There are 2 protein chains.
Amino acid sequence: MALAHAIMTALIEDDLSGYELAKDFEASLGFFWNASHQQIYQELRKLAEKKWLNKREVSQSGKPNKIVYGLTRAGQDALAEWVYGTTKTQAAKDELLIKLYNLSGDNAAHLTSEISGRREQMMRLLYLYEKIRLRHYDDPQTLPTRRKGVYLALASGIAQGEQFLAWCDEAMELLATIEA
Amino acid sequence: MALAHAIMTALIEDDLSGYELAKDFEASLGFFWNASHQQIYQELRKLAEKKWLNKREVSQSGKPNKIVYGLTRAGQDALAEWVYGTTKTQAAKDELLIKLYNLSGDNAAHLTSEISGRREQMMRLLYLYEKIRLRHYDDPQTLPTRRKGVYLALASGIAQGEQFLAWCDEAMELLATIEA
DNA sequence: CCCCTATCTGCAAAAGATTGCATAACCCCA
DNA sequence: TGGGGTTATGCAATCTTTTGCAGATAGGGG
């Protein structure tokens, strides 16, 4: 049920359309919970049926009309209740690490380049994170309560990302010693 | 297809039964790729049908008989080929961080205790990791090639875990400043 | 005018994962 | 003899996620 609650979380401050939510998931909440637009639209329909969200169509000029969703009182309650439940431990799933179990002279160069690609990707992500942090979360102590939570999520992403860069460096160094 | 390849990876050095594989997934490979025994048994059947694994029944005394699977030549080839493919970037999914987006005076204490629970869990895991590292991977430079890869996976787990502990501390500190 | 891109919404099939249940052999201990 | 634990394998239903496709509106550029 976490996707449903992630969507509702995204709707706490603003009402959004499915399209806007999908953008948001790419740029913010999605750092911590991926979802494709197909999943989002389907979940929105279910949530509206359950009366946790309300929907209204908004006419736009210059673009197709959109359907904007907002949290209902029932939705707010369900979300607040969900936060109190116990959280499943994160499911560890990383193909790259499994591939490393298969390390050999033959594939060492390939794995090095995969790691290097991931490293670059992470650099770009960290750049984005840092930009957001500097702009909106520079002084966590003074943030309003809810924003402190968002800050902590961001801080988690940043710390994990930086740790990942360091690991990539160690990995590439060790892989460089392997002969084909 | 990653589960299939994770299973085959576990079978590189030893032939194993479904039950033993499930244990392994709890204690080693599973650090980086979770799977339940139901998933494992089903996947084993599929892999045997594809001829990537062979199976043989082994009689045991004192326990029920077991079905032991081993990599075929075709399986080895498929696995080696898979390593060369491009790796999907890890899907980020962490309920806890989404919950933090919902931080409020009401739930701060609850989230603190969730984080504290996770911290403890991670401490236990790190203890296990360290034990393995000290026993089998103490001097990575001198390991045979494949084991170097396994070491890097382990090192990734350790670094991530340690980073997580530090984050938990920062989070709990900031959460402590929030009033109900 | 036509194509490209962006906005916007969705269906449907397949693959993957979780949950709950079921069964059975065998041991130990009371 | 019966209950509890470990080893051992699996089915079935459901839920979640991915993948591929589809179609409509509208602006801008050539």
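Bear in mind that the values here come from a model prediction, so they are computed numbers and not experimental data. Lettering follows sequence order; numbering is per chain, from 1.
- A:Lys93 has no side-chain polar atom (N or O) that falls below the 4.0 Å cut-off from OP1 or OP2 of C:dG16.
- For the residue pair B:Thr87 / A:Glu114, a side-chain donor-acceptor distance below 3.5 Å is found, with atom types taken as modelled.
- Of the side-chain N and O atoms in B:Ser17, none sit less than 4.0 angstrom from OP1 or OP2 of D:dT7.
- In terms of phosphate contacts, B:Tyr19 brings no side-chain nitrogen or oxygen within less than 4.0 Å of OP1 or OP2 of D:dT9.
- Listed here is the closest heavy atom pair of A:Asn34 and A:Phe25: C-CD2, 4.5 Å.
- Put simply, B:Tyr41 has no side-chain N or O that comes within less than 4.0 Å of OP1 or OP2 on D:dG10.
- Ion pair A:Asp94/A:Lys99 not flagged as a salt bridge, since none of the NZ, NE, NH1 or NH2 atoms sits closer than 4.0 Å to an Asp/Glu carboxylate oxygen.
- Whole-Å rounding puts the A:Ile67 CD1 to D:dT25 P distance at 14 Å.
- Closest non-hydrogen pair, A:Glu170 versus B:Tyr151, comes out as OE2-OH, 2.7 Å.
- Note: CD (A:Glu95) to P (C:dG16) measures 11 Å, nearest angstrom.
- Counting only N and O atoms by type, the side chains of B:Thr9 and A:Asn102 include a donor and acceptor under 3.5 Å apart.
- Rounding to whole angstrom units, NZ of residue B:Lys66 and C1' of C:dT23 are separated by 20 Å.
- At whole-Å resolution of the value, CD1 in A:Ile40 and P in C:dC11 are 15 Å apart.
- Within residues 74-90 of chain B, no residue has any heavy atom under 4.0 Å from DNA chain C.
- For A:Gln39, whose side chain is taken as the heavy atoms from C-beta onward, the closest listed nucleotide among C:dC8, D:dT17, D:dT16 is D:dT17.
- Take the nearest nucleotide of DNA chain C for A:Gln42 and for A:Pro64: the residue whose nucleotide is more 5' is A:Pro64.
- Rounded to whole Å, atom P of D:dT17 lies 11 Å from atom CE of A:Met1.
- Put simply, CD on A:Glu49 is 14 Å from C1' on C:dG10, counting in whole angstrom units.
- Here the closest heavy-atom approach between residue B:Ala159 and residue A:Gln163 is recorded as CB-NE2, 3.1 Å.
- Of the side-chain N and O atoms in B:Gln60, one or more sit less than 4.0 angstrom from OP1 or OP2 of D:dA8.
- Residue whose closest nucleotide on DNA chain D sits further toward the 5' end, between B:His37 and A:Ser61: B:His37.
- Side-chain proximity of A:Ser36 to the nucleotides D:dG10, C:dC8, D:dT19 is greatest for D:dT19.
- A ring-centre distance under 6.0 Å is found for A:Phe31 and A:Tyr129.
- Looking at the side chain of B:Lys23, the nearest of the listed nucleotides D:dT7, C:dC8, C:dT18 is D:dT7.
- Following rounding to the nearest Å, B:Leu47 (CG) and C:dA15 (C1') show an atom-to-atom distance of 15 Å.
- Along DNA chain D, the nucleotide nearest A:Asn65 and the nucleotide nearest A:Leu3 are compared for position; the residue whose nucleotide lies closer to the 5' end is A:Leu3.
- With hydrogens and angles left out, the side chain of A:Gln38 and the base of D:dG20 share a donor-acceptor pair within 3.5 Å.
- Between B:Arg133 and B:Glu130 there is a salt bridge, since at least one side-chain N of the basic residue sits less than 4.0 Å from a carboxylate O of the acidic one.
- Here the C1' atom of nucleotide C:dT9 and the NZ atom of A:Lys63 are 15 Å apart, to the nearest Å.
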